[in-house]
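Inspection log for the structure reproduced underneath, given as structure tokens.
All figures in this text were calculated on a predicted structure; none of them were measured in a lab. Side chains are part of it too, since the values below use all heavy atoms of this structure and drop only hydrogens, waters and symmetry mates.
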Amino acid sequence: MADNARAKRLADLIREVVAQKLQRGIKDPRLGTHVTITDTRVTGDLREATVFYTVYGDDEERAAAAAGLESAKGVLRSAVGQAAGVKFTPTLAFVADALPDNARAIEDLLDKARISDAKVREVSAGADFAGGADPYRKPEDDDDAADGTDEDGEASE
């Protein structure tokens with residue numbers, strides 16, 4: 001078993017090599033400048049690497065980029081093997097990163113919350129307090145209760 005630091009270094013190296021190779025070494029038009037490598041994870045035994053990527057564009061371009069990455073997997077693995085110099089070059093698996101979709105969903109939820117907050121502000125603009133402006137008991141109220149009179153000065157029961 002390799003230590004986590006070694007796996008992290010190898011993952012960083014794989015991310016850099018794959019990104020550089022995609023940018024300069026692969027002539028596939030499906031991969032162009034639309035693909036961004038976001039993260040790489042390597043298993044503890046350094047046998048398998050998962051490369052996360054995002055694609056700028058619509059669903060067609062995402063599908064084309066996925067097909068292009070699958071077809072270039074051998075070339076990319078060879079480049080990683082040459083750069084890493086390890087006994088066994090890890091197999092590469094490409095996974096579309098869900099980060100942009102998650103970020104878009106969070107932004108939509110935040111927009112809904114902003115709209116809801118604006119509606120609450122509009123409704124509460126002309127509203128009065130339920131228990132008066134200051135609903136808390138004051139020390140003079142406690143003095144009246146202690147001497148047995150209410151706030152009008154009359155004897156309480």
Side-chain angles (χ1 to χ4, degrees), residues 1-139 141:
M1 278 295 206
D3 60 346
N4 287 337
R6 185 172 180 201
K8 176 72 172 137
R9 283 194 311 269
L10 183 60
D12 291 342
L13 178 71
I14 291 171
R15 186 179 72 238
E16 291 174 14
V17 168
V18 169
Q20 287 175 357
K21 193 71 172 170
L22 286 176
Q23 186 177 23
R24 297 190 190 119
I26 298 191
K27 305 292 186 216
D28 193 341
R30 297 175 291 186
L31 298 176
T33 59
H34 298 96
V35 178
T36 303
I37 304 301
T38 57
D39 193 18
T40 307
R41 296 185 185 147
V42 178
T43 58
D45 61 357
L46 305 179
R47 295 283 181 159
E48 299 173 7
T50 305
V51 180
F52 295 93
Y53 68 94
T54 58
V55 179
Y56 182 75
D58 59 356
D59 290 335
E60 275 183 27
E61 291 175 349
R62 288 185 190 121
L69 286 170
E70 282 300 314
S71 69
K73 189 184 287 190
V75 174
L76 294 172
R77 185 173 180 219
S78 297
V80 167
Q82 289 174 354
V86 292
K87 189 175 190 177
F88 181 83
T89 303
T91 58
L92 301 178
F94 293 96
V95 177
D97 199 352
L99 184 68
D101 296 332
N102 291 344
R104 200 171 307 117
I106 289 172
E107 283 297 322
D108 291 342
L109 291 172
L110 288 173
D111 288 340
K112 288 179 185 178
R114 284 186 198 104
I115 292 170
S116 175
D117 287 348
K119 287 179 184 177
V120 168
R121 261 187 244 109
E122 289 175 14
V123 169
S124 66
D128 291 331
F129 294 105
D134 188 11
Y136 299 104
R137 294 176 60 183
K138 301 211 174 10
D141 293 341

Check the pair Thr40, Val18 against side chain to side chain contact (heavy atoms under 4.5 Å, CB included), reporting the backbone distance first and the verdict last.
CA-CA 10 Å; Thr40 307; Val18 169; over 6 Å; no
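- Taking the side chain as every heavy atom from C-beta outward, Thr36 and Asp97 never approach each other to under 4.5 Å.
- Side-chain atoms of Asp101 do not come within 3.5 Å of backbone N or O of Arg104 as any donor-acceptor pair.
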Set out, in order, the CA-CA distance, both residues' side-chain angles and the distance that settles side chain to side chain contact (heavy atoms under 4.5 Å, CB included) for Arg77 and Val80, then state yes or no.
CA-CA 5 Å; Arg77 185 173 180 219; Val80 167; 5.5 Å; no
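- Minimum interatomic distance between Ala72 and Ile26 (heavy atoms only, all atoms of both residues): CB-CD1, 3.6 Å.
- Residues Arg62 and Asp59 come closest through the heavy atom pair NH1-OD1, 2.8 Å.
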Under the criterion side chain to side chain contact (heavy atoms under 4.5 Å, CB included), I'd like the reasoning laid out for Leu22 against Leu69: C-alpha separation, chi angles, the key distance, then a yes or no.
CA-CA 9 Å; Leu22 286 176; Leu69 286 170; 3.9 Å; yes
Carefully, step by step, assess Lys119 and Val123 under the rule side chain to side chain contact (heavy atoms under 4.5 Å, CB included).
CA-CA 6 Å; Lys119 287 179 184 177; Val123 169; 5.5 Å; no
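- Here the straight-line distance linking atom CZ of Phe94 with atom OG1 of Thr50 works out to 10.0 Å at 0.5 Å rounding.
- Put simply, the side chain of Thr38 gets close to the backbone of Phe52: a donor and an acceptor are under 3.5 Å apart.
- The shortest non-hydrogen separation linking Ala7 to Thr43 is CB-O, 4.3 Å.
- Remark: the backbone N or O of Lys112 is not paired with any side-chain donor or acceptor of Ser116 at under 3.5 angstrom.
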Output, in order, the C-alpha distance, side-chain angles, deciding distance and verdict of salt bridge (Lys or Arg N to Asp or Glu O under 4.0 Å) for Lys73 and Glu70.
CA-CA 5 Å; Lys73 189 184 287 190; Glu70 282 300 314; 3.1 Å; yes
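- Between Asp111 and Arg114, the closest heavy-atom pair is OD1-NH1, 2.7 Å.
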Show which side-chain atoms of residues 82-90 pair as donor or acceptor with protein atoms under 3.5 Å away, not counting sequence neighbours.
none

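- In this structure, CZ in Arg9 is found 11.0 Å from CG in Asn4, a value given to the nearest 0.5 Å.
- Taking all atoms of both residues into account, the shortest heavy-atom contact from Ile37 to Arg15 is CG2-CG, 3.5 Å.
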